[in-house]
Amino acid sequence: MPIILIIFGLLVSIKSWAYPEFIGYKYSSCLTCHYNGQGNGPLNDYGRALWAGEIAGRAFAGKRTDEQLGEASGFFGSKQLPWWVRPGIKVRNIVIKPSPGGEGETRFILMQAEANVALFFKQDQSFGFVGSFGRAPIPQRLSTNSDVEVEEWISREHYFRYQISENLWTYLGMMDKVYGIRIVNHTAYSRTRTGLSMNDQAHGLVLHYIQPTYELTFNGFAGNMFQDSELRQVGGSVMGEYEIAEAFRIGGSALYSTNEFVGNQRLAFHSRYGFGHGSALLFELGTINNVPKTGESSLGYYMYSEAIQRVVRGYHLFLQGQAYKDKMEGGRADQLKLGFGLLAFPMQRLEFRVEAETLRQLNNSPAVTRDGWTAMAQVHLSL
Amino acid sequence: MGRKLIFLLLIASFGFASYGQGKSRAKKRTPPRPYTQLRTGIVMWQEAIDLKKDASSAKMESQLIGPLFAYSYVRPVGKRNRWLQVYSAELGLGTLKGKGNSDSIPDELKNQPWYMVGVSPALIYRTTSVSEVGVVLPLYYRMIGWKLDPSLGLDPDRDTSFSAGLGGVYTNRLTKTSHLHVALVRQHMWNSTQWMISWQMDIK
């Protein structure tokens, strides 16, 4: 049965995200491959070609050269589209099995099914618009709550992008907030506990200054305008990254935002280190300070670490370690996660990920919560 | 004359031998010498231990944590010496905590000492000049030195036990001689998953 579930999962889904791990291929900046300089969202022409010609496996490549694969990486393959338009389709599906071998209920989630487009008003792509629209799953905690209306069809991003000078880019519209390492795993503590998960985008302005050895980004945001005004997190964030050696970057982030109920203060240090060809280490350590308008604030921490190892072209093994504590008090539990898996790109446009994750708690109490295990299989298709 | 001839032949044979050795060195790469490593880190796992009190019994989900020390013999093998056979002798000690899961035995135990020795053969592949992945087969013998109040009448299981496991190892070289070592091991007899994170140092 689990094999059937995994195969079904593989057949159903699609998508492509930012991979900060690709610093292991010596691509340090997200702007190289994505229209959004902070990563995530649609790939640009170079990113598509790079995926086809360097990252993805050659299982279905036949006798085509890497160059030919790159040339055929567009939306319609090698057929050239007008310079002003770049469409895309992304679908992503996941099969989750909590407590494998136990009684946990297997869940199938269509996480993303959306169309996106990049429209350009200048041929050098220095001025354009990027937007997406599609179906997003309703979070489990809200799906059973009839008091809350949640839109299933949403736009996760829509923004204008303008290159002010050779090194300065600006983005205006709805985007992910700028903070920390933008990893694919949106259930990681570094994304869920910081309020930066897959549906936490905000309308705002981003200024991105980029040099070969460092980047600096400012983000001011007015919250998600599709939300009720009292819920909107209004504030700003800043992130910097410095390349201390080839494919070795360290950085820091800070975020401050507030709505009528709670203020969010985040601070983080991170590093990305690439080695070999396609292997990397990621590390992020940060604090989470939630300051409610009434009641006590809670200062906690989170940590994300990942080692990814290219095995052969297109196939990578990875190991992730995570930690989180909601309040830095003796009586509170440290939540630890350790996971491992396979990240594979058998061909361009197709990605799958199989992983197992174990959750453990450390606390002062003699009562011990049993280890939790989760097995997951994802398939992403990005056309 | 005879002695001189023998002497000349001896010199010639040494010369040929040296020449031959030189040729042989030119043809074959000198195999890298085995070396040893020291490793020190933390090991942590959880297992369910049976508790008995009078006629009642319960399971105690226990958490064991403590330092782990290892001395390893490393033998590079295979073409280009990218494979490593690693044989480790390990010593661990720490404390255990847990709580009975039934109303008849709700007892809480803390700071119960345990000691563990074992051997861990591993086969490691050098994926890059700084990283390695591999499989490890640890076999452990463990003692728990229960410190209990005799008046409680509590009789926990697993004073001594063996377990064999299978796991994965990842190491990353941080300096010329030191590595970060992470292992995730499924222990069969203890029905548990061990997490290990260590600092490993090469000793030439």
Side-chain angles (χ1 to χ4, degrees), chain A residues 21 24-26 99-102 245 247-248 271 273-283 303 305-312 315-323 333-334 336-342 355-374, chain B residues 42-49 51 58-65 82 95-101 105-112 124-135 167-174 179-187 190-197:
Chain A
E21 293 91 339
Y25 289 95
K26 309 293 183 276
S99 310
F248 186 11
S271 71
Y273 170 49
F275 56 92
H277 184 63
S279 304
L281 291 177
L282 305 182
F283 178 77
M303 184 276 287
S305 62
E306 179 184 337
I308 187 163
Q309 178 68 60
R310 179 183 180 269
V311 184
V312 293
Y315 297 83
H316 309 74
L317 294 173
F318 64 87
L319 179 70
Q320 288 176 344
Q322 299 182 57
D334 288 90
L336 306 177
K337 278 185 190 174
L338 195 60
F340 61 93
L342 171 75
E355 63 185 297
E357 190 174 74
T358 173
L359 170 68
R360 184 169 292 169
Q361 290 189 12
L362 292 181
N363 57 32
N364 291 340
S365 159
V368 174
T369 309
R370 194 161 178 72
D371 280 350
W373 274 95
T374 308
Chain B
I42 298 283
V43 62
M44 174 174 43
W45 75 99
Q46 295 185 179
E47 62 180 277
I49 295 176
L51 293 179
K59 288 275 185 194
M60 176 174 68
E61 187 67 24
S62 314
Q63 191 169 72
L64 297 92
I65 185 166
R82 293 190 79 161
T95 56
L96 171 156
K97 68 169 189 175
K99 183 176 184 300
N101 71 348
I105 310 182
D107 301 60
E108 297 181 348
L109 302 178
K110 284 185 86 171
N111 297 320
Q112 301 295 317
I124 308 281
Y125 181 69
R126 289 211 310 222
T127 46
T128 71
S129 58
V130 296
S131 59
E132 297 160 358
V133 294
V135 290
V169 179
Y170 174 81
T171 67
N172 198 282
R173 191 179 294 272
L174 301 176
H179 318 239
L180 178 70
H181 177 281
V182 181
L184 189 66
V185 175
R186 184 68 194 162
Q187 282 292 346
W190 295 339
N191 190 19
S192 65
T193 306
Q194 289 181 315
W195 296 6
M196 301 175 199
I197 182 162

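Letters A, B, ... mirror the listed sequences (proteins, then strands); counts begin at 1. Remember, predicted model here, so these are calculated numbers, not experimental data.
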Find the distance between [atom1] ([X]) and [atom2] ([Y]) and round it off to the nearest 0.5 Å.
X      : Y      : atom1 : atom2 : answer
B/T193 : A/L338 : OG1   : CG    : 9.5 Å
B/I197 : A/S305 : CD1   : OG    : 7.0 Å
A/R370 : B/Q63  : CZ    : CD    : 12.5 Å
B/N191 : A/D371 : CG    : CG    : 10.0 Å
B/L174 : A/Y273 : CG    : OH    : 8.5 Å
A/L362 : B/M44  : CG    : CE    : 5.0 Å

Side chain, backbone, both or neither: which part of [X] has a heavy atom under 4.5 Å from chain A?
X      : answer
B/S192 : neither
B/N101 : neither
B/L184 : side chain

Inset, instruction - Using modelled atom types only, decide if a donor and an acceptor are shared between the side chain of B/K99 and the backbone of A/S365 within a distance under 3.5 Å. - result: no

Inset, instruction - Report yes or no: does B/Q46 contribute a side-chain atom to a donor-acceptor pair with the main-chain N or O of A/T369 at less than 3.5 Å? - result: yes

Inset, instruction - Report yes if some heavy atom in the side chain of A/T358 is under 4.5 Å from a heavy atom in the side chain of B/W195; otherwise report no. - result: yes

Legend entry - Side-chain heavy atoms of A/V368 within contact of B/K97, under 4.5 Å: yes

Inset, instruction - Would you check if there is a donor-acceptor pair between the side chains of A/Q309 and B/S131 at a distance under 3.5 Å? - result: yes

Inset, instruction - Under 4.5 Å heavy-atom distance to chain B, tell me which part of A/L281 shows up: side chain, backbone, both or neither. - result: side chain

